[in-house]
Enquirer: 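Got a structure here, written out as structure tokens. Questions coming.
Nothing here was measured: the structure is a model prediction, and the numbers come from that model. Hydrogens, waters and symmetry mates are skipped; everything else that's a heavy atom, side chains included, is used. When a residue number appears, it is its place in the shown sequence, counting from 1.
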Amino acid sequence: MAEATTTVQQDDIIARLKLSGAWFEAAAELEFEGLISKVAADEGVAVSDDELQSEFDAFRADLDLFKAEETNAWLADSGITVEQVEAMLESNILQAKLADKLIDDAQIDAHYNQNPAAFDYAEISQLVVDNSGAAGELALSIREEGEDFAALAAEHSLDDSTSSDGGYLGLISREEAGGLPGDIADRIFAASESEVIGPFEVPGGGHLIIRVEEVGKHELDDDLRAVLRGQLFDAHMAQLADN
């Protein structure tokens with residue numbers, strides 16, 4: 001018995017992309033690429049043939065397309081032209097070049113120094129129980145009797161995502177901690193290393209105990225500098241788009 005086949009219509013694909021929002025995301029990306037092209041022309045920034053070829057080779061390698069016939073078959077199956085791929089890759093190169101030209105190290109340094117709290121981090125573990133009395137007893141046993149936080153979290157915590165790791169949650173930023181109720185964020189970032197704070201009542205009736213493993217500040221290294229350059233460039237381009 002032959003297998004039933006279903007032919008997917010292009011209109012249905014477009015409708016599904018619109019319903020999921022992917023269509024409008026792609027449209028916004030193409031509009032942004034148009035702005036990139038205009039700004040690059042104004043700034044005298046261009047992409048050489050060698051740069052585009054190198055980027056195209058890297059694109060092919062990411063898709064395991066190491067032979068010309070493999071690439072041609074992939075393009076045919078995808079319904080995509082070489083020119084469309086090159087347009088996307090050229091835009092990516094232009095964005096990187098413009099970011100380097102328009103966002104210098106002095107701007108990055110200034111942003112980092114003017115927003116110190118944005119780069120604070122805390123490494124924390126947590127223990128969640130549903131009873132205030134039990135939370136108080138656990139906090140007391142940890143602080144005054146030296147009970148092991150990780151062992152108690154593994155045994156008692158209701159947070160399935162962290163209990164198996166002894167309550168370890170990992171690094172959180174001050175912004176992420178700001179989503180916690182009350183003054184928990186302030187308490188976290190004012191804590192000493194290995195200090196246990198709480199319990200705190202949280203939405204839904206749970207009670208949270210936190211062990212602050214470490215509080216620190218991300219250094220302005222090459223990786224963070226690259227992230228900030230991208231963020232400042234995106235903000236610059238958004239401002240241009242609004243004008």
Enquirer: Given 3.5 Å as the limit, does a donor-acceptor pair link the side chain of Glu70 with the main chain of Lys67, or not?
Expert: yes

Enquirer: Does the pair Thr71 and Leu63 meet the rule for a side-chain contact (heavy atoms from CB on, under 4.5 Å), with working shown?
Expert: CA-CA 9 Å; Thr71 303; Leu63 295 174; over 6 Å; no

Enquirer: Could you give me the CA-CA distance, side-chain angles and deciding distance for Arg229 and Asp105, then say whether salt bridge (Lys or Arg N to Asp or Glu O under 4.0 Å) is met?
Expert: CA-CA 8 Å; Arg229 190 184 305 278; Asp105 285 344; 3.0 Å; yes

Enquirer: Check whether NZ of the Lys or CZ of the Arg Lys101 lies under 6.0 Å from the centre of the six-membered ring of Phe233 and within 45 degrees of that ring's axis.
Expert: no

Enquirer: Ignoring hydrogens and angles, tell me if any N or O in the side chain of Asp12 forms a donor-acceptor pair with the backbone of Val8 under 3.5 Å.
Expert: no

Enquirer: For Asp62, look at atom CG and say whether over 12 heavy atoms of other residues, nucleotides or ligands are found less than 6.0 Å away.
Expert: yes

Enquirer: Check whether Trp74 and Met88 end up in the same hydrophobic cluster, where Ile, Leu, Val, Met, Phe, Trp and Tyr are linked by side-chain heavy atoms less than 4.5 Å apart.
Expert: yes

Enquirer: Pick one: which of Glu137, Glu144, Arg143, Glu145 meets side-chain contact (heavy atoms from CB on, under 4.5 Å) with Ser141?
Expert: Glu145

Enquirer: Within the 3.5 Å criterion, strictly below it, is a donor on Gln126 or Asp159 matched to an acceptor on the partner's side chain?
Expert: yes

Enquirer: Is there a continuous path of hydrophobic side-chain contacts, each under 4.5 Å between heavy atoms, that joins Leu140 to Ile209?
Expert: no

Enquirer: In terms of relative ring orientation, are Tyr121 and His218 parallel, tilted or perpendicular, with 30° and 60° separating the classes?
Expert: tilted

Enquirer: Look only at the side chain of Asn131 and the backbone of Ala134, and say whether a donor-acceptor pair between them is shorter than 3.5 Å.
Expert: yes

Enquirer: Are the charged groups of Lys97 and Glu43 less than 4.0 angstrom apart, N to O?
Expert: no

Enquirer: Report yes or no: is the cationic atom of Arg60 (NZ for Lys, CZ for Arg) closer than 6.0 Å to the six-membered ring centre of Phe66, at no more than 45° off its axis?
Expert: no

Enquirer: Evaluate the criterion side-chain hydrogen bond (donor to acceptor under 3.5 Å, both in side chains) for residue pair Asp49 and Gln53; output intermediate values, then yes/no.
Expert: CA-CA 6 Å; Asp49 291 341; Gln53 183 62 56; over 6 Å; no

Enquirer: Tell me whether Arg211 contacts the main-chain N or O of Ile124 through its side chain, where contact means a donor paired with an acceptor under 3.5 Å.
Expert: no

Enquirer: For Leu224, is there any backbone N or O sitting under 3.5 Å from a side-chain donor or acceptor partner on Asp221?
Expert: yes

Enquirer: Go through Asp242 and Gln239 one step at a time and tell me if the side-chain contact (heavy atoms from CB on, under 4.5 Å) criterion holds.
Expert: CA-CA 5 Å; Asp242 290 338; Gln239 187 175 19; 5.8 Å; no

Enquirer: If you count heavy atoms of other groups shown closer than 6.0 angstrom to CD of Gln84, is the number above 12?
Expert: yes

Enquirer: So, Ser54 side chain and Asp50 main chain: donor-acceptor pair closer than 3.5 Å or not?
Expert: no

Enquirer: Give a yes or no on whether the backbone of Glu195 and the side-chain of Ser192 come within a donor-acceptor separation of less than 3.5 Å.
Expert: no

Enquirer: Quick one: do the Glu213 and Ser125 side chains pair a donor with an acceptor below 3.5 Å?
Expert: yes

Enquirer: For Lys38, does the NZ atom have more than 12 heavy-atom neighbours from other residues, nucleotides or ligands under 6.0 Å away?
Expert: no

